[in-house]
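Input: a single structure, listed below in structure tokens.
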Amino acid sequence: MISLNKRFFIFLTLLCLSGFVDAQSSKIEEGFDYRILPVAQPVETKGKVEVIEFFWYGCPHCYDFEPDLSAWVKRQPKDVVFRRLPVAFRDDFMPHNQLFYTLQSLGKGDALNEKVMYAIHKENKHLLTESEMADWAASQGIDRNTFLATYRSFAVVSKARAAKDLAEAYRIDGVPTIVMQGRYVTSPSIAGNKAKALLVMDYLEEKIRKDKYK
């Protein structure tokens with residue numbers, strides 16, 4: 001029979017081992033949980049932590065990551081600058097890029113981005129034709145003609161094409177992908193899951209601060 005003291009010692013040992021395993025599983029390493037771009041891209045704001053999410057409205061993984069990412073963004077201090085960049089891996093997905101910048105130009109981006117994704121993933125709307133997008137925009141209180149004029153504008157078309165070029169410059173090969181300070185790349189697929197990706201983002205945020213926003 002094992003004495004009470006010996007059982008207590010075994011319990012403490014197992015508890016310590018469990019903590020060791022947890023610490024090991026949460027260890028963050030370059031090449032495993034994040035990678036570094038061979039050519040760093042310029043940041044828009046100096047003296048800040050720049051966080052970019054590359055995403056596609058039609059991506060189910062982006063839709064799944066959105067609530068967790070939004071919650072992470074909301075709890076960040078003022079020195080963290082977050083923005084989204086749409087990715088179109090095929091030319092027939094470019095309308096989604098234009099939709100993103102149309103909503104931004106109309107001042108509706110923050111309010112309607114999640115609703116766009118809900119419409120696509122939960123209401124089975126493709127939102128890839130001008131007519132379908134204009135009808136959806138009208139259902140959200142946006143004047144149909146104003147939407148179409150903005151969607152077709154030179155400014156919006158140029159931004160949609162520029163986003164495609166930026167995704168190539170950042171070597172984005174899947175979404176959602178997070179790039180921090182123009183050089184550190186992570187994602188739920190790289191880190192292993194959504195929770196670990198957010199931990200990696202916290203880690204990189206502190207690293208960037210320690211490196212004086214470099």
Side-chain angles (χ1 to χ4, degrees), residues 37-63 65-66 69-70 73 76 80-185 187:
L37 288 174
V39 179
Q41 299 299 309
V43 296
E44 286 193 351
T45 308
K46 301 293 183 182
K48 300 279 187 180
V49 179
E50 182 183 82
V51 182
I52 301 174
E53 182 206 14
F54 287 89
F55 82 105
W56 171 45
Y57 279 139
C59 168
H61 304 294
C62 297
Y63 177 68
F65 190 40
E66 179 60 30
L69 179 60
S70 292
V73 172
Q76 297 313 302
V80 176
V81 178
F82 174 78
R83 62 191 174 106
R84 290 182 170 88
L85 280 174
V87 177
F89 291 113
R90 296 180 354 204
D91 288 343
D92 54 330
F93 292 155
M94 280 296 288
H96 281 168
N97 278 24
Q98 281 181 248
L99 174 58
F100 174 81
Y101 286 111
T102 298
L103 295 177
Q104 270 203 339
S105 296
L106 294 173
K108 300 289 186 179
D110 290 341
L112 294 181
N113 274 328
E114 288 187 33
K115 290 186 178 182
V116 172
M117 298 179 89
Y118 183 88
I120 292 171
H121 297 284
K122 294 299 183 180
E123 297 177 340
N124 298 316
K125 300 179 187 292
H126 298 298
L127 300 183
L128 284 170
T129 67
E130 285 190 8
S131 179
E132 187 181 16
M133 284 185 280
D135 288 344
W136 181 85
S139 74
Q140 302 301 314
I142 299 173
D143 179 76
R144 198 175 194 278
N145 291 331
T146 300
F147 175 87
L148 286 172
T150 307
Y151 179 85
R152 296 166 181 165
S153 68
F154 176 78
V156 164
V157 173
S158 297
K159 287 179 181 179
R161 290 174 179 167
K164 189 173 187 297
D165 294 337
L166 273 174
E168 292 174 1
Y170 279 91
R171 301 190 178 194
I172 303 301
D173 56 8
V175 288
T177 293
I178 301 294
V179 179
M180 300 180 68
Q181 218 63 4
R183 56 187 311 208
Y184 302 108
V185 182
S187 69

State which residues pass side chain to side chain donor-acceptor pair (under 3.5 Å) with E130; sequence neighbours excluded, sorted by chain then number.
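Checked E130 against side chain to side chain donor-acceptor pair (under 3.5 Å); matches are R152.
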
Who pairs with S139 by side chain to side chain donor-acceptor pair (under 3.5 Å), at least two apart in sequence or on another chain?
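Partners of S139 by the side chain to side chain donor-acceptor pair (under 3.5 Å) criterion come out as none, since no residue qualifies.
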
Can you list the steps and then say if M133 with Q98 is a side-chain contact (heavy atoms from CB on, under 4.5 Å)?
CA-CA 10 Å; M133 284 185 280; Q98 281 181 248; over 6 Å; no

Provide the full list of salt bridge (Lys or Arg N to Asp or Glu O under 4.0 Å) pairs with a residue in residues 109-118, sequence neighbours left out, each pair given once.
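Those involving residues 109-118 do not exist here.
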
Not counting sequence neighbours, list each pair that qualifies as a salt bridge (Lys or Arg N to Asp or Glu O under 4.0 Å) and has a residue in residues 90-104.
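Residue pairs with at least one partner in residues 90-104: R90-D92.
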
Sequence neighbours excluded, which residues qualify as side-chain contact (heavy atoms from CB on, under 4.5 Å) partners of Y118?
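Testing Y118 for side-chain contact (heavy atoms from CB on, under 4.5 Å), a comparison that skips the adjacent residues, returns Y63, K122, E123.
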
In this structure, are over 12 heavy atoms from other groups packed under 6.0 Å from R161 atom CZ?
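Atom CZ in R161 is not packed in, count stays at 12 or less.
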
With a 6.0 Å cut-off (strictly less than), is the heavy-atom count around NE2 of H121, excluding the residue itself, greater than 12?
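More than 12 within 6.0 Å, yes.
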
Give the minimum heavy-atom separation between S70 and R84, together with the two atoms involved.
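Taking every non-hydrogen atom into account, OG-NH2, 3.6 Å.
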
Minimal non-hydrogen separation, V157 against Y151, with atom names:
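Residues V157 and Y151, closest heavy atoms: CG2-O, 4.0 Å.
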
Can you check whether L127's main-chain N or O pairs, donor with acceptor, with H96's side chain at less than 3.5 Å?
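Checking the backbone N and O of L127 against the side chain of H96, a donor-acceptor pair under 3.5 Å is found.
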
So, taking the atom named [atom1] in [X] and the one named [atom2] in [Y], what distance separates them when rounded to the nearest 0.5 Å?
| X | Y | atom1 | atom2 | value |
| --- | --- | --- | --- | --- |
| E66 | M117 | CD | CE | 5.5 Å |
| K159 | N97 | NZ | CG | 12.5 Å |
| I52 | Q41 | CD1 | CD | 9.0 Å |
| T150 | L99 | OG1 | CG | 11.5 Å |

Among F93, F65, F89, F100, whose ring-ring contact (aromatic ring centres under 6.0 Å, His included) with F55 holds?
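That would be F100; it is the only one of F93, F65, F89, F100 passing the ring-ring contact (aromatic ring centres under 6.0 Å, His included) with F55.
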
For residues 163-185, tabulate all N or O donor-acceptor pairs below 3.5 Å that involve a side-chain atom, not counting sequence neighbours.
residue: T177; atom: OG1; partner: G174; partner atom: O; Å: 2.5
residue: Q181; atom: OE1; partner: E50; partner atom: N; Å: 2.8
residue: Q181; atom: NE2; partner: K48; partner atom: O; Å: 2.9
residue: Q181; atom: NE2; partner: Y213; partner atom: O; Å: 2.9

Hey, does P86 have a side-chain heavy atom less than 4.5 Å from the side chain of Y101?
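SC-SC contact between Y101 and P86 confirmed.
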
Please assess V81 against E44 for the test side-chain contact (heavy atoms from CB on, under 4.5 Å), listing each intermediate value before the final yes or no.
CA-CA 9 Å; V81 178; E44 286 193 351; over 6 Å; no

Should I142 and L112 be marked as a side-chain contact (heavy atoms from CB on, under 4.5 Å) after you check the CA-CA gap, both sets of side-chain angles, and the distance that decides it?
CA-CA 11 Å; I142 299 173; L112 294 181; 3.8 Å; yes

